Amino acid sequence: MKEAHTPRKSVPPIGLFDTIPDDVLHFGIGSSFNAKKVPEILSLKREDISRITSVSIKSVRYDDAIPDQMKERLEEIANTINMVAKIFNGDIEKTTAWFKVRNPFLGDVSPRDMIRLGRYERLRKFIINAMSHNID
């Protein structure tokens, strides 16, 4: 007996300009970027932010004196979070859960831990590849 096939959710393939997704979770863009929202969503500690952004723990701050490299890295991570949030139709709970749950496609490591362990680029490439191949 043939099993019933459940159609996959149709996700449009990622295009050249989709690497800067809509600001689904309202991080802000440019001068309005709220860098503190990234560690809040991913439950990251100051030590994690220091390691991820390669700034001293004493330099981790979220005011106008935020180190440029810290702000740039957190903007990159925010864009990646927004790409995932778009798949979940902007549902912050599902997006947050996806980042915190171990993923067998990532070696049974959570996306959040990949970011914490310095494997952000690998994670970003995995997400873009999955989106471009409509992997659900």
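Since this is a predicted model, take the numbers as computed values, not measurements.
The CZ atom of Arg124 sits 12.0 Å away from the CD1 atom of Ile115 when rounded to the nearest 0.5 Å. How far CG of Asp22 is from CG of Asn79: 10.5 Å, rounded to the nearest 0.5 Å. Between Leu25 atom CG and Lys86 atom NZ the span is 12.5 Å, to the nearest 0.5 Å. The distance from the CG atom of Leu123 to the CD1 atom of Ile128 is 9.5 Å, given to the nearest 0.5 Å. To the nearest 0.5 Å, atom CG of residue Asp63 and atom NZ of residue Lys36 are 10.0 Å apart. Note that CZ of Phe33 is 5.5 Å distant from CG of Leu74, once rounded to the nearest 0.5 Å.
Under the 4.5 Å side-chain contact rule for hydrophobic residues, Phe105 and Phe88 share a cluster. Residue Ile57 is not grouped with residue Val38 when hydrophobic side chains (ILVMFWY) are merged at heavy-atom distances under 4.5 angstrom, including chains of intermediate members.
Contact check on Asp48 versus Lys45 returns no salt bridge, with no Lys/Arg side-chain nitrogen under 4.0 Å from an Asp/Glu carboxylate oxygen. Taking the charged nitrogens against the carboxylate oxygens, Arg116 and Asp113 do have a contact shorter than 4.0 Å, which makes a salt bridge. Between Glu40 and Lys37 no salt bridge is recorded (no basic side-chain N to carboxylate O distance below 4.0 Å).
Scanning all heavy atoms of the two residues, the minimum distance from Ser56 to Ser50 falls at C-OG, 3.6 Å. Contact detail for Thr80 and Ile127: the closest heavy-atom pair is CG2-CD1, 3.5 Å. Scanning all heavy atoms of the two residues, the minimum distance from Leu106 to Pro111 falls at CD1-CG, 3.7 Å. Nearest heavy atom pair, residue Ser59 against residue Met70, reads O-SD, 4.3 Å. Nearest approach of Arg61 to Pro67, heavy atoms of both residues: CG-CD, 4.1 Å. Between Ala85 and Val24, the closest heavy-atom pair is CB-CG1, 4.0 Å.
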| Asn103 vs Trp98, side chain to side chain contact (heavy atoms under 4.5 Å, CB included): CA-CA, chis, key distance, verdict | CA-CA 8 Å; Asn103 189 315; Trp98 185 86; 3.9 Å; yes

| request: Determine, stepwise, if the pair Ile49 / Tyr62 fulfils side chain to side chain contact (heavy atoms under 4.5 Å, CB included). | output: CA-CA 11 Å; Ile49 297 301; Tyr62 300 98; 3.6 Å; yes

| request: Walk me through it: do Ile87 and Met83 pass the test side chain to side chain contact (heavy atoms under 4.5 Å, CB included)? | output: CA-CA 7 Å; Ile87 297 298; Met83 282 193 275; over 6 Å; no

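For Arg119, the CZ atom counts as loosely surrounded, since its 6.0 Å shell holds 12 or fewer non-hydrogen atoms of other residues, nucleotides or ligands. Open room surrounds NZ on Lys94; 12 or fewer heavy atoms of other groups in view lie less than 6.0 Å from it. The 12-atom threshold is exceeded at CZ of Arg46, counting heavy atoms of other residues, nucleotides or ligands nearer than 6.0 Å.
Although no hydrogens or angles enter the test, the distance criterion places a donor-acceptor pair under 3.5 Å between the side chain of Asp91 and the main chain of Glu93. Side chain of Ser32 to main chain of Gly28: no donor-acceptor pair is present (N/O by atom type, distance under 3.5 Å, no hydrogens or angles). Judged by distance alone, with hydrogens and angles left aside, the side-chain atoms of Tyr120 form a donor-acceptor pair with the main-chain N or O of Glu76 at under 3.5 Å.
Residues Leu42 and Ile81 are in side-chain contact: their nearest non-hydrogen atoms beyond the backbone lie under 4.5 Å apart. Looking at Ile77 and Ile52, their side chains come closer than 4.5 Å, going by heavy atoms from C-beta outward.
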